[in-house]
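Structure first, then comments.
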Number of protein chains: 2
Amino acid sequence: MAADHLSLIFGALADPTRRAILARLADGETTVNELASPFDMTLPAISKHLKVLERAGLISRGRDAQWRPCRLEGGALREASDWVGRYRRFWESSYDELEALIEAGAPATGAEAPAADAPAPTETITP
Amino acid sequence: MAADHLSLIFGALADPTRRAILARLADGETTVNELASPFDMTLPAISKHLKVLERAGLISRGRDAQWRPCRLEGGALREASDWVGRYRRFWESSYDELEALIEAGAPATGAEAPAADAPAPTETITP
DNA sequence: TGGTTAATTAGCTGATCGGTAAACTATCGC
DNA sequence: GCGATAGTTTACCGATCAGCTAATTAACCA
């Protein structure tokens, strides 16, 4: 997977186990063992998932004696949300109205020409 | 990568080339060759990226003679947005206020106990 | 001191990913 | 029909991923 932050975030989210871990952490900070318990998977596997989540900035880990409590970090999720949000107009309203226009034989209007630079200002086109 | 839809979507977004393709498609439907032109990459590589995006439902492809015009599909992005949106409270407002509360020595209140089932109702815990 | 519990690291495997080159398919225009 | 244009498919390669077992680190408890 690419090394840029957004790719790390989306890559981390592209796994049901990791998303379930985040879901659990939404109920509050907890330990690695408790996070692991619902899964049919060894502890090292969970540990790896946590590392992926941490590298993406989706969680952070503290220390409490021999426990390493994990907590959800909203910042990275916000980055993901912000990126996706730039495309909001592609699923909001538009659908019915635009569909109708197209059905009616309207030509490709400026309507679907979006905020030009909106998506991916930091998106290096050839990294 | 896991086979569930959300994983396909996030997995597809976890690549700067594919995100740049989506950004380009936000400016309107276009052909594969035009999509490929900004990249220092062969056509087959782009073709693969498009297949990943299509499998995730992020784009659709039509036919116009020998061209296969691609268009952005908002639905999948909406799914991603909806999923991430369930965690909104983790980056909205809360930050300063909650941080302040914690600093002030407030115990773990119900405040950060979230809408219980909010995240991942379809998230199978052990697939 | 020694044992237990919590978690990570190391090393291995098989599967998937991102890219390539080469060959193939399909459609257009002459 | 023929050549050019647009795009996909088919191997193939090295790198990364997700999981495992076994060993290791770190802190507690008695």
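The structure displayed is predicted, hence computed values, not measured ones.
- Ion pairing between A/Glu34 and A/Arg24 holds under the 4.0 Å rule for side-chain N and carboxylate O.
- In this structure, A/Phe10 and A/Trp83 have perpendicular ring planes: the angle between them is above 60°, well past the 30° mark.
- End-to-end axis angle of the helix from C/dT1-D/dA30 to C/dC30-D/dG1, using five pairs per end and rounding to 10°, comes to 20°.
- Judged by distance alone, the side chain of A/Arg19 and the main-chain N or O of A/Leu13 form a donor-acceptor pair under 3.5 Å.
- Rounding to the nearest 0.5 angstrom, the gap separating the CD atom in B/Glu29 from the OG1 atom in B/Thr31 is 10.0 Å.
- Looking at every heavy atom in both residues, A/Glu73 comes nearest to A/Ile59 through CG-C, 3.8 Å.
- To the nearest 0.5 Å, atom CG of residue A/Asp27 and atom CG of residue A/Leu22 are 12.0 Å apart.
- With rounding to whole Å, B/Leu53 atom CG is found 12 Å from D/dT8 atom P.
- When only modelled atom types and interatomic distance are considered, A/Thr30 and A/Arg71 share no side-chain donor-acceptor pair under 3.5 Å.
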### Task
Please lay out, stage by stage, how B/Asn33 and B/Trp67 fare under the test side-chain contact (heavy atoms from CB on, under 4.5 Å).
CA-CA 9 Å; B/Asn33 265 290; B/Trp67 294 277; over 6 Å; no

### Task
Let me have a per-nucleotide readout for nucleotides 7-20 of chain C, 5' to 3', with B, S or -, counting only protein heavy atoms under 4.0 Å.
SSB-B----SSBBB

